[in-house]
Amino acid sequence: MAAPAAAAIAVFGVLYGAAARPLIGPELTMISSIIVFSGATQFTTIGLVAAGAGGAAILATVALLNVRHLLMGAVIRSSLGASRLKRALLAWFLLDESFGFTMVAANRMSPGPGRISVAERTLLVTGVCCYGAWLAGTALGILGAGVQGLEEVSAALFPVLFIALAALTARTLSLAARALMAAGITAVIAFTLPDWSALAPVVSGLLVAIPNDPKARPDR
Amino acid sequence: MTPLLMAAVAAITYGSRLAAMAVLPRPSGRVETVLERVVPAIFASIATLSLITDQPGLVEAPVLLAAAGALLAAPRRSFALCLVAGLAGYVIAELVL
């Protein structure tokens, strides 16, 4: 299941490598992919560098961008085991994509050791695949690989991927309705407050998740 | 852009992942219920963001039709079917538009 996501990530890695190299140099471009491993953060960082932003502005923006990790981490935490060290290591692989695949795999299992094992393995395998793809793509981009034609296909893959993940995790009509509402709120934020759109998943997710159903029926 | 600044960016990024997964206490009760509801909402939100450009505007028609194809298949709750429907939407748009 992770192969299409890894392929798309590799293409975006190429784009990142090609875009970052003239701005921060080939060495720091490669190092950034090795030590940051976040497309959203890295593209935003070089965008700010290109715009002449200072260090404080870059760090503040990165902190805001990463707020969503707090929410995703809290969600995925419930599916993982008790070992703090293992969770700390797995935290490296927490991406939108690996989060999605892990939650889908965990939701297919009954609570218990089996679910924990599947969730941890899924997070590790998808994370390693995505990390490898991101590093390989960045290296190719630095070396000057071209991805004309693939860029749009990859751009099409992300909405399809996340719609599929939303469909898999929306197990009830209530969850599906909340997901659709979150999509609507996100669109409003993106069009009216584009500078804040990176926070839309957190804001819309919480706005639709906190209210209880009118008839107070459980979601599961 | 200095290596030190890049290291700080990396520290913030990993720190945000680490905090929720290994440092903060495990959520329980009402919080856990809310977090379960959040999952599909986050995916739907990210999908929506990927259809909107920075300007802001909508992405190219083939990408929109790929998303429409996946959305049509979504009620079947099949990952493979969503991917195939999305790909079909993209190919049809490329051929027709």
Side-chain angles (χ1 to χ4, degrees), chain A residues 1 4 24 28 31-32 35-36 38 41 45 49 55 58-59 62-63 66 69-71 73-75 77-78 84 87-88 91-92 94 96 100 103 152 155-156 158-160 162-170 175 178-180 182-183 186-187 190-191 194 197 200-201 204-205 208-210 219, chain B residues 1-3 5-10 12-22 24 26-27 31-52 54-56 59-60 62-63 66-67 69-71 73-79 82-83 85-87 90:
Chain A
M1 244 177 23
I24 60 177
L28 198 51
I31 289 170
S32 68
I35 67 172
V36 179
S38 168
T41 298
T45 300
V49 169
I58 290 172
L59 294 179
V62 166
N66 285 312
H69 287 148
L70 296 177
L71 189 56
V75 173
R77 164 85 177 78
S78 302
R84 190 185 295 264
R87 280 185 276 117
W92 176 256
L94 183 65
D96 295 345
M103 291 314 299
E152 197 178 351
F158 278 104
V160 169
F162 283 103
I163 288 169
L165 291 172
L168 280 176
T169 50
L175 290 175
R178 289 173 198 270
L180 287 173
T186 298
F191 278 104
S197 60
S204 64
V208 303
I210 289 174
D219 283 328
Chain B
M1 188 79 193
T2 65
L5 182 56
M6 189 59 80
V9 168
I12 291 172
T13 303
Y14 179 62
S16 65
R17 291 165 170 158
L18 182 68
M21 282 182 63
L24 299 174
R26 181 184 176 128
V31 175
E32 195 165 21
T33 303
V34 169
L35 291 177
E36 278 196 46
R37 292 174 182 161
V38 154
V39 177
I42 287 180
F43 293 148
S45 178
I46 294 173
T48 305
L49 280 183
S50 65
L51 298 174
I52 299 171
D54 295 338
Q55 278 68 36
V59 295
E60 299 289 320
V63 180
L71 204 52
R76 302 297 297 270
R77 301 191 58 230
S78 161
F79 187 82
C82 280
L83 283 186
L87 181 65
Y90 181 82

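We name chains A, B, ... by the order of the sequence lines, and we start the count at 1 in each one.
Annotation: maximal heavy-atom pairing with chain A below 4.5 Å, among B:Val39, B:Asp54, B:Leu87, occurs at B:Val39. Taking chain A as the reference chain and counting heavy-atom pairs below 4.5 Å, the highest number among B:Ser78, B:Ala74, B:Pro75 is found for B:Ala74. Of all the listed residues (B:Arg77, B:Glu60, B:Met1), the one sharing the greatest number of non-hydrogen pairs under 4.5 Å with chain A is B:Arg77. Top candidate by heavy-atom pairs under 4.5 Å with chain B, chosen from A:Ala200, A:Ser197, A:Ala166, is A:Ala166. Options A:Ile31, A:Asp96, A:Val208 differ in how many heavy-atom pairs under 4.5 Å they form with chain B, and the most are formed by A:Asp96. The candidate from A:Gly205, A:Ala182, A:Pro159 with the greatest count of non-hydrogen atom pairs under 4.5 Å with chain B is A:Pro159. Contact count versus chain B (heavy atoms, under 4.5 Å) is highest, among A:Ala187, A:Ala91, A:Ala170, A:Gly73, for A:Ala91. Per-residue heavy-atom pair counts under 4.5 Å with chain B were compared for A:Ile210, A:Thr45, A:Leu180, and the maximum is reached by A:Ile210. When each of B:Ala10, B:Gly69, B:Ala19 is checked for heavy-atom pairs under 4.5 Å with chain A, B:Ala10 comes out on top.
Between B:Ser45 and A:Thr186, the side chains place a donor N or O and an acceptor N or O closer than 3.5 Å (distance only, hydrogens not considered).
Each of A:Asn66, A:Ile58, A:Val36 was scored for a side chain to side chain contact (heavy atoms under 4.5 Å, CB included) with B:Ile12, with one residue passing: A:Asn66. Across B:Leu49, B:Ile42, B:Ile46, a single residue satisfies side chain to side chain contact (heavy atoms under 4.5 Å, CB included) together with A:Phe162, and that is B:Ile46.
Proximity to chain A (any heavy atom under 4.5 Å) is restricted, for B:Ile52, to the side chain, taken from C-beta onward. Only the side chain of B:Leu51 comes within contact range of chain A, with at least one heavy atom under 4.5 Å from a heavy atom of that chain.
Using a 4.5 Å heavy-atom cutoff, the side chains of B:Gln55 and A:Pro194 are not in contact.
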